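Quick note on labels: first sequence line is chain A, next is B, and so on, each numbered from 1. Keep in mind the model is a prediction, meaning the values are calculated, not measured.
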2 protein chains.
Amino acid sequence: MSTDSGDDFRSVAIEQLKQLGLSTYAARTFVALTSLGTGTATEISKVSEVPRTRVYDAVDELRERGLVDIQQSSPKKFWVVSAETTCQKFEQEMRQRTSLLTTALQELGTTQRKQEQRGVWTVEGQPAVTDRVLEFIGGAEDEIVYMTVEGLLTEDIVEALGEAARRGVSIRVAGISPDVQGMIRDEIPDAELFDTLWMWSDTPAGRLMMVDGNQTLASVLVNGRDATPSDPRSETAIWGVGETNSLVAVLRAIFTWRLENADPAD
Amino acid sequence: MSTDSGDDFRSVAIEQLKQLGLSTYAARTFVALTSLGTGTATEISKVSEVPRTRVYDAVDELRERGLVDIQQSSPKKFWVVSAETTCQKFEQEMRQRTSLLTTALQELGTTQRKQEQRGVWTVEGQPAVTDRVLEFIGGAEDEIVYMTVEGLLTEDIVEALGEAARRGVSIRVAGISPDVQGMIRDEIPDAELFDTLWMWSDTPAGRLMMVDGNQTLASVLVNGRDATPSDPRSETAIWGVGETNSLVAVLRAIFTWRLENADPAD
DNA sequence: TGATGAATTCACTCAGATAATCACAAACAA
DNA sequence: TTGTTTGTGATTATCTGAGTGAATTCATCA
């Protein structure tokens, strides 16, 4: 019974409760009480493996958060609010926190976000790289050129590209398989698809993009092309912004030359 | 400059970031970078008052979360994602967490939530008491009787009562001032309003409620009637559920007798 | 090329929080 | 009475994170 399938849920719930600010004792106690409904300190201690004498403190922590009620008898009994109510409480609290953070940060961030002309920045990890790509796409005003290897043209990116296209941004995409090309044509009819400009296959290449001619990003899969592309840590990108930015200058030259010499598949 | 009005936002933002799982160094560094846009370790240290030698650790923590990019030069420069993106990230993460928690808890809570017949539970603090009241109202199927002193019939309760009324639950409310009565009549036309059954004014009474004849709750303002009712800590309630529950038995007797002898104001 | 100062990394101390254990008094049962 | 359970408080151990300083690397200038 101590190793049945519910243990997965138990540990997940405990972990999340801890992340949300409860102590481990409080989290374990809460989970135990949730399966028990009500219980005494001894019962809770047996289920949760919290030292019995500490159950009282843990329950007190939960009581202050309004998650547990107490029956003043001997032995004391403890009652836990329903799972739904608990989750609503936490969601409420998180909403509160994020909204506080949002206003505070926006108040601070009002200072000019001057576009750095010189820097070339590095990002690690596929999620973070995707974030930058999405940010670039979201800020595009005129033109997006995006080259990518298989598997790095995810749905969210296609979606963002589609939105940009509807804003009137011209889109050029390269380096994708035929079936994905079909998806693109459905999603973004105005996109211009052209063949990969050079041999991706020999390089551990990830993506190359240029936005409005003055924002560029290039990524590689650091483990080489044989690495599992699904490993999110294996992608590293550099990016830069500004007319005078060196990375921008280089990539713009490459793109311009390649694009002029390439025959669009369209 | 070190004590201008932005410090409020600064401390709020730092506090929230810490609550969301960042270390204080990381939080301070992030806030500093948010006002700077980009900066070196030295600049960050001056603004954030993080020891300069630890800025690197803090930035690393932020980088792993995808909140900061690094320019590999000497001195290193650090770039921070926009406030909007950051908040979206955190909201995303919180959604993830609460949804994980929700499924895990509901999986655990499937065990029968047998209605305890014997227990009388105590709740402390006005928010927690209101929670129970709302839960009772939400689960009502037939009838709600609710007596309250001024100030404890808050909007959310009126709203919940209205919803119950639309479900076909008959509502009886007492102990409210004439102007609030007007609001009730608007919100819940079917509610039956009657005068206070006895002299509240001599007792430190809070609320009395009975739902479906088998769930009851009674609260007092522990600091007496002269205490500020606005102090959320001053309310304490006891509640019980079940036909054979002693508190239910007592309150049901009182309510039945009083209601039969009282002339509804309606 | 070497010297100087700044930048970066690393190792260490200290304090506070939390986990865990123990000791003890009160209540209760046999 | 004796022995058990319950609740409370004190004590110890462990760990994380804040803060400091030394050692190494790097850039710049003579």
Figure out the [atom1]/[atom2] separation between [X] and [N], and round it to whole Å.
| X | N | atom1 | atom2 | value |
| --- | --- | --- | --- | --- |
| A:Y25 | D:dA13 | OH | C1' | 11 Å |
| B:R52 | D:dA18 | CZ | C1' | 17 Å |
| B:Y56 | C:dC10 | OH | C1' | 13 Å |
| A:Q72 | D:dT8 | CD | C1' | 14 Å |
| A:K18 | C:dT18 | NZ | P | 12 Å |

* Asked: Out of A:L36, A:I44, A:T29, A:L33, which residue meets the side-chain contact (heavy atoms from CB on, under 4.5 Å) rule with A:V80?
  ->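 Single side-chain contact (heavy atoms from CB on, under 4.5 Å) partner of A:V80 among A:L36, A:I44, A:T29, A:L33: A:L33.
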* To do: Report the C-alpha separation of A:F136 and A:W239 in whole Å, then their side-chain angles, then the decisive distance to 0.1 Å, and conclude whether the ring-ring contact (aromatic ring centres under 6.0 Å, His included) test is met.
  => CA-CA 10 Å; A:F136 277 4; A:W239 61 270; 5.7 Å; yes
Options [options], nucleotide nearest the side-chain atoms of [X]:
| X | options | result |
| --- | --- | --- |
| A:R54 | C:dA19, D:dG9, D:dA18 | D:dG9 |
| A:K76 | C:dT8, D:dG7, C:dT21 | D:dG7 |
| B:P51 | D:dG19, C:dT8, C:dT21 | D:dG19 |

* Asked: Does B:T53 get its side chain close enough to the base of D:dG21, under 3.5 Å, for a donor-acceptor pair?
  ->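 Such a pair is found, so the answer is yes.
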* Verify the contact: side-chain N or O of B:S23 to OP1 or OP2 of D:dG17, cut-off strictly under 4.0 Å; return yes or no. =>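 The answer is no; no side-chain N or O of B:S23 sits under 4.0 Å from OP1 or OP2.
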* Using a cut-off of strictly less than 4.0 Å, decide whether B:T42 has a side-chain nitrogen or oxygen near OP1 or OP2 of C:dA7. =>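 Affirmative; the distance criterion is met.
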